[in-house]
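The figures that follow rest on heavy atoms only: side chains count, while hydrogens, waters and symmetry mates do not. Naming: A, B, ... by sequence-line order, numbering from 1 per chain. Here the structure is a predicted model, which means the values were calculated and not measured.
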2 protein chains.
Amino acid sequence: MVEHDSLALDTIFHALGDATRRAMLAELATGERSVGDLAAPFAMSLAAASKHIKVLEAAGLIRRDVRGRTHVCSLDPAPLMSADQWLGIYRRFWTDRLDTLEALLRTKSAGTPPVKPPIPGNKGEKR
Amino acid sequence: MVEHDSLALDTIFHALGDATRRAMLAELATGERSVGDLAAPFAMSLAAASKHIKVLEAAGLIRRDVRGRTHVCSLDPAPLMSADQWLGIYRRFWTDRLDTLEALLRTKSAGTPPVKPPIPGNKGEKR
DNA sequence: ATCATGTTCAACCATATGGTTAAATATAGC
DNA sequence: GCTATATTTAACCATATGGTTGAACATGAT
């Protein structure tokens, strides 16, 4: 059912691996934008921005509607959903960890006054 | 609080944008693996696999524990959580769409037999 | 028809990426 | 110490990526 086409995921994640492109997606999250609109915020040529847009388009992340001489882009969330589903496989890894932490905090604070608990560096976590 | 370090997201998404590396993560989801273990399934040199592992490590996706002469790798889900949080911003786009579809199906199927409905224009959808 | 606007295309460049092989490093075992 | 095992490093190669500039294309406006 949920097909994890690895070639598609390659292009999707690759498209997301660039701050300029993520910013373009963020912009498109608020509505349609022309190529020029999308390019405007960035200190690069229009041609460069156009390439980024094509990368997003190739990944299926945006659709393009040519209206006269302007190309109007809009977000297509489907590939993001694919990426999310792939990530979903791993979600238990951090929810488990958070659940454990939460449980730990709950038992620690049971009966004791609400002191800010010195969480032992969940950064350098050893097991 | 939840910092969206765009440089970090660059490296995380870049690391995820390769099927070999995603397969390595999938393997690590079942437990610790040595570099050799991780490299074994792939038709590439150990040196190439080692590079992939370093990309994953640079993204913070895996940790490395050097035990004698073998380097034991394990999954670190924190960057995946970051990626998930970034994606979360867009989650409404597909949940909204699915909700709308669901509602549509519910009204359509009220009284009518469950026929496969012609979904209007989710046309970016291949497969 | 002319001119301006929005966008792409082509050629080019520097750097990054993903792979190779061969040599180097570190540790384990005899 | 010697040898085998686990892994990295170095040098190299082909291709991809992200940027540039300048020309081309398509459409809108006069």
Side-chain angles (χ1 to χ4, degrees), chain A residues 6-28 31-76 79, chain B residues 6-28 31-76 79:
Chain A
S6 96
L7 193 37
L9 282 178
D10 281 6
T11 61
I12 293 165
F13 280 125
H14 169 251
L16 297 182
D18 182 285
T20 299
R21 291 192 287 262
R22 287 196 306 279
M24 285 177 167
L25 290 179
E27 187 66 22
L28 287 171
E32 296 181 337
R33 292 290 186 279
S34 75
V35 168
D37 290 343
L38 285 176
F42 303 103
M44 67 178 68
S45 68
L46 201 71
S50 176
K51 283 189 191 176
H52 280 299
I53 291 171
K54 257 186 292 200
V55 170
L56 291 169
E57 206 180 2
L61 285 158
I62 70 179
R63 272 172 286 110
R64 180 192 302 251
D65 185 20
V66 179
R67 294 179 196 162
R69 64 185 161 183
T70 83
H71 296 202
V72 177
C73 302
S74 55
L75 188 67
D76 187 341
Chain B
S6 101
L7 192 38
L9 281 178
D10 280 6
T11 63
I12 292 166
F13 280 125
H14 170 251
L16 296 182
D18 180 286
T20 299
R21 292 192 286 263
R22 286 196 306 278
M24 286 177 167
L25 290 179
E27 186 67 22
L28 288 172
E32 296 181 337
R33 292 290 186 281
S34 75
V35 168
D37 290 343
L38 285 175
F42 304 102
M44 67 177 67
S45 69
L46 201 72
S50 177
K51 283 189 192 176
H52 281 298
I53 291 172
K54 258 184 293 199
V55 170
L56 290 169
E57 206 180 0
L61 285 159
I62 69 179
R63 272 170 286 111
R64 181 192 301 250
D65 185 21
V66 180
R67 295 178 197 162
R69 63 184 162 184
T70 85
H71 296 203
V72 177
C73 302
S74 55
L75 188 67
D76 187 341

Colleague: What distance do B/I12 atom CD1 and B/L56 atom CG have between them, rounded to the nearest 0.5 Å?
Modeller: 11.5 Å
Colleague: Tell me the closest heavy-atom pair linking A/A15 and A/L61, and the distance in Å.
Modeller: CB-CD1, 3.8 Å
Colleague: Testing the basics here: between B/P79 and B/G60, what is the closest heavy-atom pair and its distance to 0.1 Å?
Modeller: CG-O, 3.3 Å
Colleague: Where do B/L75 and B/R63 come nearest, in terms of heavy atoms and distance?
Modeller: O-NH2, 3.2 Å
Colleague: Quick check on contacts: within residues 43-50 of chain A, what sits under 4.0 Å from DNA chain C by heavy-atom distance?
Modeller: A/L46, A/A47, A/S50
Colleague: Starting from the 5' end of DNA chain D, give me the residue, A/K51 or B/V35, whose nearest nucleotide shows up first.
Modeller: B/V35
Colleague: For every nucleotide of nucleotides 24-30 of chain C, 5' to 3': is a protein heavy atom under 4.0 Å from its base (B), only from its sugar-phosphate (S), or from neither (-)?
Modeller: ---BS--
Colleague: Heavy atom of residues 10-17 of chain A under 4.0 Å from DNA chain D: which residues?
Modeller: A/H14
Colleague: Partners of B/R64 by salt bridge (charged side-chain N to carboxylate O under 4.0 Å, His left out), sequence neighbours excluded?
Modeller: B/E57
Colleague: With the side chain counted from C-beta on, respond yes when B/L9 and A/L16 share a heavy-atom pair under 4.5 Å apart, and no when they do not.
Modeller: no
Colleague: Between A/T20 and A/D18, which heavy-atom pair has the shortest distance, and what is it?
Modeller: N-OD1, 2.8 Å
Colleague: What are the bounds, 5' to 3', of the part of DNA chain D that sits under 4.0 Å from heavy atoms of chain A?
Modeller: D/dT17 to D/dG28
Colleague: With a 3.5 Å cut-off and sequence neighbours excluded, list the donor-acceptor pairs that the side chains of residues 40-53 of chain A form with protein atoms.
Modeller:
| unit_1 | atom_1 | unit_2 | atom_2 | d |
| --- | --- | --- | --- | --- |
| A/S45 | OG | A/A48 | N | 3.1 |
| A/H52 | ND1 | A/R21 | NH1 | 3.1 |

Colleague: Could you list the residues that satisfy salt bridge (charged side-chain N to carboxylate O under 4.0 Å, His left out) with A/D10, not counting sequence neighbours?
Modeller: B/R22
Colleague: Figure out the NZ/C1' separation between B/K54 and C/dG19, and round it to whole Å.
Modeller: 14 Å
Colleague: At under 4.0 Å between heavy atoms, what does A/T20 touch on the DNA or RNA strands: base, sugar-phosphate, or nothing?
Modeller: nothing
Colleague: Any idea which heavy atoms bring B/C73 and B/V35 closest together, and the distance?
Modeller: SG-CG2, 4.2 Å
Colleague: Got a sec, which pairs hit side-chain hydrogen bond (donor to acceptor under 3.5 Å, both in side chains) with one end in residues 32-41 of chain A, sequence neighbours left out?
Modeller: A/E27-A/R33, A/T30-A/R33, A/E32-A/R67, A/S34-A/D37
